Enquirer: 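Encoded as structure tokens, here's the structure I'll be asking about.
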Amino acid sequence: MSEPGEPQRGGRRRTRLYALTDGRTAAPHTVLTMDTTITAAVGPDARGGLPTEWQAVLAMCAAPSGLAVAEIAARMGIRLTPMTLLLGELADRGLIHHQPPLQGAETTNVHMLMRIRDNLARI
């Protein structure tokens with residue numbers, strides 16, 4: 001049984017979100033939206049010593065494809081706002097790359113849209 005106020009997930013303790021973001025309530029340098037694509041900037045060998053949640057994000061966002069912020073939040077079971085703070089912290093530390101959402105002209109590429117559809121169907 002867990003202590004009151006301790007977050008639980010799958011029977012193991014999770015680090016409190018304010019500890020993962022050094023108590024920040026806003027990312028000072030990096031602004032991310034729910035459809036920003038995140039890709040890990042470091043390999044598996046550079047992840048040792050990082051908090052478990054950070055390692056999980058980096059593992060699921062392996063290059064070259066990466067994941068959208070909203071998808072990462074859903075897979076981690078963390079609400080969107082805290083996830084953007086956590087990812088902002090990772091970006092500010094140079095652990096991830098982030099790419100803004102596609103612009104209007106880029107979304108008319110039928111082949112790209114089919115790849116997106118196929119990847120979403122796999123989830």
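Source: prediction; values computed, not measured.
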Enquirer: Do T81 and T84 pair up side chain to side chain, a donor and an acceptor below 3.5 Å, judged on atom types alone?
Expert: no

Enquirer: Do V69 and H98 come close enough that some side-chain heavy atom pair is under 4.5 Å?
Expert: no

Enquirer: Counting only heavy atoms not in M60, do more than 12 fall under 6.0 Å of its CE?
Expert: yes

Enquirer: Between V57 and E53, is a side chain to side chain contact (heavy atoms under 4.5 Å, CB included) present by the stated rule, with each step listed?
Expert: CA-CA 6 Å; V57 168; E53 287 81 357; 5.7 Å; no

Enquirer: Rounded to the nearest 0.5 Å, what separates atom CG in L120 from atom CZ in R117?
Expert: 10.0 Å

Enquirer: Evaluate the side-chain proximity of L50 to L95: yes if any heavy-atom separation is below 4.5 Å, no if none is.
Expert: yes

Enquirer: Using side-chain heavy atoms (C-beta onward) and a distance below 4.5 Å, is T36 in contact with T33?
Expert: yes

Enquirer: What's the shortest heavy-atom distance between G94 and A41, and which atoms?
Expert: O-CB, 3.5 Å

Enquirer: Atom CG of L86 and atom CD of E89: how far apart are they, to the nearest 0.5 Å?
Expert: 8.0 Å

Enquirer: Between C61 and I38, does the side chain to side chain contact (heavy atoms under 4.5 Å, CB included) criterion hold? Intermediate values first, please.
Expert: CA-CA 6 Å; C61 295; I38 304 296; 4.0 Å; yes

Enquirer: Verify side chain to side chain contact (heavy atoms under 4.5 Å, CB included) between I96 and L87, making sure each step is shown before the conclusion.
Expert: CA-CA 8 Å; I96 61 170; L87 293 171; 4.2 Å; yes

Enquirer: Please walk me through it: do T37 and H97 pass side chain to side chain contact (heavy atoms under 4.5 Å, CB included)?
Expert: CA-CA 8 Å; T37 302; H97 298 294; over 6 Å; no

Enquirer: Measure the spacing between CG of L80 and CE of M83 and express it to the nearest 0.5 Å.
Expert: 9.0 Å

Enquirer: Output the distance between atom CG (L58) and atom CG (L90), rounded to the nearest 0.5 Å.
Expert: 6.0 Å

Enquirer: Locate the shortest heavy-atom distance separating M76 from A56; write the atom from each residue and the value.
Expert: SD-CB, 3.8 Å

